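Each remark here refers to the structure printed beneath this line.
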Amino acid sequence: MTIAKRIFFTSISFFVFNSCASDSNEQSVDDRLDTLLSKMTLEEKIGQMNQYSSFWDVTGPAPKEGSTAKQFEQLKNGLVGSMLNVNGVENVRKLQQIAVEETRLGIPLIFGFDVIHGFKTISPIPLAEAASWDLEAIELSAKNAALEASAAGINWTFAPMVDISRDARWGRVMEGAGEDPYLGSKIAHARVKGFQGDDLSAPTTIAACAKHFAGYGFPEAGKEYNTVDIGAPTLHNMVMPPFKATIDAGVRTFMNSFSQLNGVPATGSKYLQRTLLKEKWNFDGFIVSDWGSISEMVAHGYAKGDNHAAELAINAGSDMDMESHLYVNELASLVKEGKVDPALINDAARRILKVKFELGLFDDPYKYCDEAREASVIGSQSNLSEVLDLAKKSIVLLKNENNVLPLAKKGQKIAVIGALASDKTSPLGNWRLAADINSAVSLLEGLKAYSGNTITYAKGADLTTGKTEFVSDLTINTTDTSGFKEAITLAKKSDVVIMALGEHAMQSGEGRSRAYLGLPGVQQELLEAVFAVNKNIVLVLSNGRPLTIPWAAQNIPTILEGWHLGTQSGNALAQVLYGDYNPSGKLPMTFPRSVGQLPLYYNYKNTGRPSPVNPGEVFWTHYIDQKNTPQYPFGFGLSYTTFGFSKPIVNNTYNQNKQVTVSVKVTNTGKREGKETVQLYLRDIYASVIRPMRELKGFEQVVLTPGQTKEIIFTLTEQELGFFNNQQKWLVEKGDFEVYVGEDSQTINQVNFKL
Ligand code: GLC
């Protein structure tokens with residue numbers, strides 16, 4: 001661009017930009033939007049709807065040929081509204097300068113990134129965070145992630161993922177909050193509040209994105225991207241509540257899903273995006289498509305070609321096109337041919353620009369480009385203590401026979417066996433794009449730093465062979481047991497053996513569905529070989545999903561669910577293993593006995609034949625080769641102490657004030673302080689639409705010293721007592737209810753009441 005031209009464009013964009021910015025005090029955002037939109041051409045409005053992934057190494061020369069050259073030209077011509085996967089102030093500033101100083105109107109870009117559970121400092125994977133049931137800690141985790149990401153130039157995260165799922169075969173269960181809509185809704189609300197804070201225009205907060213709208217967590221057979229067919233009661237009573245919770249939290253963006261829902265791709269669903277989200281829920285932010293999902297409607301068999309896909313997507317309400325290039329290539333002609341109403345383009349562009357105004361990007365497009373703040377925040381890992389705190393709270397004690405745990409801090413010969421024990425990258429989980437890949441504290445490091453015991457390590461066997469990358473399939477070691485001998489020899493002469501087994505981080509996450517859920521590779525053989533010489537085993541699981549571990553559950557005295565706990569993984573595990581933190585985690589997702597039971601979840605319906613009429617007869621809902629019950633149920637988690645519960649007492653004043661209160665006393669009946677998550681489950685015994693056997697409708701965490709008792713009072717309102725019927729009408733029906741209050745979803749501590 002010639003000097004003269006650059007001066008011309010800079011002055012024009014400066015004028016337009018400042019005409020939108022200078023009167024920011026007088027004009028409302030809406031007025032400023034009207035002013036800006038009135039100046040924009042159709043192509044420039046469509047440009048706002050066009051998002052590219054970082055296509056250019058901005059610290060290097062600009063692309064001169066190929067598709068990236070075309071994208072670069074579109075950027076300079078104001079035909080790009082957003083970028084994703086651009087990391088670092090230098091890179092963001094370079095791209096923002098082009099958008100603000102070289103285009104006709106100087107409209108700033110919005111920079112998105114998958115800040116799923118941390119940015120540089122990684123917190124536990126979301127499924128692990130959910131196991132803490134600690135909403136304040138979860139909100140703080142999102143807030144800290146926003147502090148780091150915003151320091152690196154990011155102003156929008158593609159999180160929280162709020163997809164409810166009941167199928168551990170699906171790899172993305174690691175990214176959500178598990179199987180329950182009540183817990184999922186509370187966590188979704190907390191995460192949005194954490195990311196967005198109270199002031200979205202602050203340089204330390206970022207726009208959140210509720211995803212994937214909707215139903216993505218119910219793929220048939222747990223197979224990634226597979227068909228989703230969900231009936232109305234499940235869709236509205238299980239899938240939708242967490243999305244609605246993000247609306248109530250003020251979420252500014254949504255992302256639609258790759259998958260089809262009941263025969264229509266989510267990206268092309270007018271019902272989801274316009275009727276429900278934008279009209280019924282009054283959502284005034286914008287919807288970004290998932291990566292290429294607009295063009296994928298052709299493969300779905302819903303669009304006859306790219307042009308038709310673009311037409312379907314905009315008409316259905318998908319505002320921004322992530323990386324399918326169809327909006328920028330097709331929309332202008334569709335408008336000119338009369339196939340797309342220009343008002344829809346105006347509305348989509350307006351929604352996107354509105355969020356940019358709310359982020360303050362028009363007042364200062366470089367507000368997230370603070371080199372000094374980046375230098376001081378990124379890498380300082382200032383929130384290491386908070387990440388450690390949440391990691392400890394996320395650990396679930398599944399079994400502790402003979403009280404092998406907590407370990408003594410000295411005088412013991414401890415063997416640590418398993419490839420995952422020394423793995424410094426798997427604890428970071430699948431979504432760790434900005435983190436240094438070996439930046440986690442490993443279990444072995446944590447144990448060694450934490451005690452005066454003799455800690456000796458033997459890998460036993462590789463878990464993976466070859467490369468382990470975000471985009472590539474893994475190769476699991478299924479044959480090499482050459483390390484077993486060394487591990488067995490070590491186990492023989494040790495007091496305690498800590499077996500670090502489970503999944504590599506790249507065995508869960510997107511594109512990582514599994515048809516078998518046992519310990520991958522030769523790990524089960526290794527476990528049994530060690531058990532044969534030393535039964536004093538603590539199994540520490542590192543995994544991104546519920547696994548099937550029937551043999552271990554039967555034979556191993558102590559089992560700790562350690563998920564992928566993030567940067568502070570080894571330190572958190574060590575503090576729990578040595579008893580400096582009494583484990584308090586509770587499962588947010590059911591652990592099946594076998595993969596054939598899936599989908600398996602606690603809030604199931606009774607069926608018409610829940611139990612045998614005559615013993616030995618087969619005419620009831622069951623398997624002939626497996627139990628109906630899970631290995632470990634939703635809400636389950638042990639402690640180093642024990643807790644007792646009084647029988648719940650109901651005070652039913654529903655007819656007076658639409659409330660039913662349930663009180664219970666919980667006592668620490670053990671020998672050390674501990675935290676209990678007291679859970680309340682409700683059953684509406686008969687209704688116009690069959691209700692689940694139990695539904696979580698309240699929980700409260702209490703920390704009690706030995707012998708201490710605390711009364712907890714739960715309040716049930718229409719919100720907890722009601723449900724959506726098949727016509728999406730919210731109903732509270734008179735009738736009989738059962739209330740269960742206790743330590744997990746299988747508690748029998750029950751009382752009844754009648755509305
Ligand atoms: C991915 C994911 C989505 C993510 C997006 C951008 O394919 O489905 O969750 O936010 O692309 O990386």
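Ligands are counted one by one from 1 in listed order, and the atoms in each one are counted from 1 as well. Because the structure is predicted, anything quoted here is derived from the model rather than measured.
Using modelled atom types and a 3.5 Å distance limit, the side chains of E561 and N543 yield a donor-acceptor pair. A side-chain N or O of E148 and one of T121 form a donor-acceptor pair less than 3.5 Å apart.
Ligand 1 lies under 4.0 Å from heavy atoms of L84, D114, F158, R172, K211, H212, M255, F258, D290, W291, M322, E510.
Evaluation of the ring pair (Phe, Tyr, Trp, His ring centres under 6.0 Å) rule for Y225 yields F258 as partners, not counting sequence neighbours. By the side-chain hydrogen bond (donor to acceptor under 3.5 Å, both in side chains) test, T157 pairs with no residue at all, sequence neighbours left out. Applying the salt bridge (charged side-chain N to carboxylate O under 4.0 Å, His left out) criterion to D347, with sequence neighbours excluded, gives R351.
Between W133 and F634, the two ring planes are tilted [angle within 30° to 60°].
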